[in-house]
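So that the names make sense, note that chain A is the first sequence line, chain B the second, and so on, each numbered from 1.
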Protein chains: 2
Amino acid sequence: MFSKACEYGIRAVIYIAQKSLNEERASLKDITAEIDSPEAFTAKVLQQLAKAKIINSLKGPNGGFEIGKDKIDSIKLSQIVNALDGDSIYKGCGLGLKVCNANEPCPVHDKFTSIRSELRKMLENTSLFELATSLETGLTYLKR
Amino acid sequence: MFSKACEYGIRAVIYIAQKSLNEERASLKDITAEIDSPEAFTAKVLQQLAKAKIINSLKGPNGGFEIGKDKIDSIKLSQIVNALDGDSIYKGCGLGLKVCNANEPCPVHDKFTSIRSELRKMLENTSLFELATSLETGLTYLKR
DNA sequence: TTTAATTCGGACAAATTTATCCGAATTAAA
DNA sequence: TTTAATTCGGATAAATTTGTCCGAATTAAA
């Protein structure tokens, strides 16, 4: 469904959000330990997310990554996915056709549109805040 | 969502089914021309599908691929997807965790289970017959 | 001012997926 | 029986994704 980069990215952002809610910054090492992901690769992903202004990065001692507390509620899962995997998950044809729409549909077009729209809604309605708090309260996990 | 192999595979199978309903066999060249896919790669995909008993292959002049007319209605999209991409689309964790279930869920587990179950139902309930007939009647397309 | 902790950015490497090539095997038809 | 049309199967190549390495830049703290 998502690329590895996106999987790591989502996990990382949730963790950073959790820390940020507690007024703490997360370093790369911290993050990769907590979400169990390859360090150097995750660094690249975090760079992408920083460029997309989803997270904030600070160099130097006591540096790391953070997210403005006020932003955490307004950031949706869709923004993270979009920054890392683009919009093919919503837009692309299920069978890989370049042209595929209601007028000239592929054989599975109608079957897919409803599911894809559900997925889109879900991603657009899921806030980073709720994901981070479910982690904070110990209801969910980021590794294993 | 699906691999290229799976996209080509689904398109090919739908086309083969359409031909089979008309008592005709489809050769590799025929297929790749109709679904606009790379010939050699598609050949590999068809081999996989033949091994999985989803399609039938015949060598020699006037050979090609076909599907028993009686089977076309009972073959579901899920079988094709499963033969080519496995079951990760249903089973795997949305964030790539090895362990992720209702007891120890990742932060997006609940959000994904409903969508994934919708997808599974759709794939399991969509028969090759309906896809092939929509193609036959000109309502849907396999290339462009 | 120096040091050390950190992210950044570019080059590279490994793994996987996608794709090609070609001879072997099979088989229907000439 | 020969020929030609086809799929099969193995080797290889190209492209993409995933992953690593390392020096440069930045910056807080000693």
Side-chain angles (χ1 to χ4, degrees), chain A residues 1-13 15-16 19-20 24-33 35-67 81 83-86 88-89 92 95-96, chain B residues 1-13 15-16 19-20 24-33 35-67 81 83-86 88-89 92 95-96:
Chain A
M1 175 141 290
F2 301 133
S3 67
K4 281 286 167 195
C6 196
E7 289 177 359
Y8 298 148
I10 295 171
R11 278 151 65 191
V13 169
Y15 177 67
I16 296 167
K19 293 280 274 188
S20 294
E24 283 172 30
R25 216 166 266 161
S27 74
L28 176 62
K29 279 191 182 173
D30 187 9
I31 294 166
T32 56
I35 73 174
D36 190 26
S37 68
E39 193 170 310
F41 188 65
T42 305
K44 301 289 186 193
V45 175
L46 292 172
Q47 245 179 94
Q48 278 188 266
L49 291 168
K51 276 182 189 161
K53 310 270 185 191
I54 291 169
I55 63 178
N56 214 275
S57 74
L58 296 99
K59 291 180 184 174
N62 200 33
F65 300 88
E66 63 182 19
I67 306 177
V81 172
L84 298 171
D85 279 358
S88 66
I89 202 168
L95 299 187
Chain B
M1 173 139 292
F2 300 132
S3 67
K4 281 286 167 195
C6 196
E7 289 178 358
Y8 298 149
I10 295 172
R11 278 150 64 190
V13 168
Y15 177 67
I16 296 167
K19 293 281 274 189
S20 295
E24 283 172 30
R25 216 166 265 162
S27 74
L28 175 63
K29 280 192 183 174
D30 187 10
I31 294 166
T32 57
I35 74 174
D36 189 28
S37 68
E39 192 169 311
F41 188 66
T42 306
K44 300 289 187 194
V45 175
L46 292 171
Q47 247 179 92
Q48 278 188 267
L49 291 167
K51 276 183 189 161
K53 311 270 186 191
I54 291 170
I55 63 179
N56 215 275
S57 74
L58 296 98
K59 290 179 183 175
N62 201 31
F65 300 89
E66 63 181 20
I67 306 176
V81 171
L84 297 171
D85 279 358
S88 66
I89 201 168
L95 298 187

*Please check the phosphate of D:dC8 (OP1 and OP2 only) for any side-chain N or O of B:Ser57 closer than 4.0 Å.*
yes
*Where do B:Asp85 and B:Cys6 come nearest, in terms of heavy atoms and distance?*
OD2-CB, 3.3 Å
_Integer-rounded Å distance: C:dT6 C1' and A:Asp30 CG_ = 13 Å
*Could you check which residues of residues 1-9 of chain A get a heavy atom under 4.0 Å from DNA chain C? Sort them by number, please.*
none
*asked:* Using 0.5 Å steps for rounding, measure from the CD atom of A:Glu66 to the NZ atom of A:Lys19.
replied: 12.0 Å
*Could you tell me the separation between the CD1 atom of B:Ile10 and the CG atom of A:Leu95, rounded to the nearest 0.5 Å?*
5.5 Å
*Which sits closer to the 5' end of DNA chain D, B:Lys59 or A:Pro38, going by the nucleotide each is nearest to?*
B:Lys59
*Any side-chain heavy atom of B:Phe2 sitting closer than 4.5 Å to one from B:Ile89?*
yes
*Would you check, one step at a time, whether the test side chain to side chain donor-acceptor pair (under 3.5 Å) holds for A:Thr42 with A:Ser37?*
CA-CA 7 Å; A:Thr42 305; A:Ser37 68; 2.7 Å; yes
*asked:* Measure NZ/B:Lys29 against C1'/C:dT20 and give the value in whole Å, please.
replied: 15 Å
*Roughly, in whole Å, what's the span from CD in A:Glu39 to C1' in D:dG19?*
12 Å
*To the nearest 0.5 angstrom, please state how far the CG atom of B:Leu46 sits from the OH atom of B:Tyr8.*
12.5 Å
*Rounded to whole angstroms, how far apart are CG on A:Leu28 and P on D:dA25?*
20 Å
*asked:* Return the CD1 to CD1 distance between B:Ile16 and B:Ile67, rounded to the nearest 0.5 Å.
replied: 5.5 Å
*Quick one: closest heavy-atom pair of B:Ala5 and B:Leu84, and the distance?*
O-CD1, 3.8 Å
*asked:* Can you measure B:Phe41 atom CZ to D:dA15 atom C1' for me and round it to whole angstrom units?
replied: 12 Å
*Considering all heavy atoms of both residues, which atom of B:Gly9 and which atom of B:Val45 are nearest to each other, and what is their separation?*
CA-CG1, 3.6 Å
*Which nucleotides of DNA chain C pair, in dot-bracket form (Watson-Crick or G-U under 3.5 Å, | meaning another strand)*: ||||||||||||||||||||||||||||||
*If you pin B:Pro61 and A:Leu58 to their nearest nucleotides in DNA chain D, which one's is more 5'?*
B:Pro61
_Separation of A:Ile55 CD1 from A:Gln48 CD (nearest 0.5 Å)_ = 10.5 Å
*To the nearest Å, how far apart are A:Asp36 CG and D:dG19 C1'?*
15 Å
*To the nearest 0.5 angstrom, please state how far the CG atom of B:Asp30 sits from the OG1 atom of B:Thr32.*
8.0 Å
*Looking at residues 43-53 of chain A, who's got a heavy atom less than 4.0 Å off DNA chain C?*
A:Lys44, A:Gln47, A:Lys51
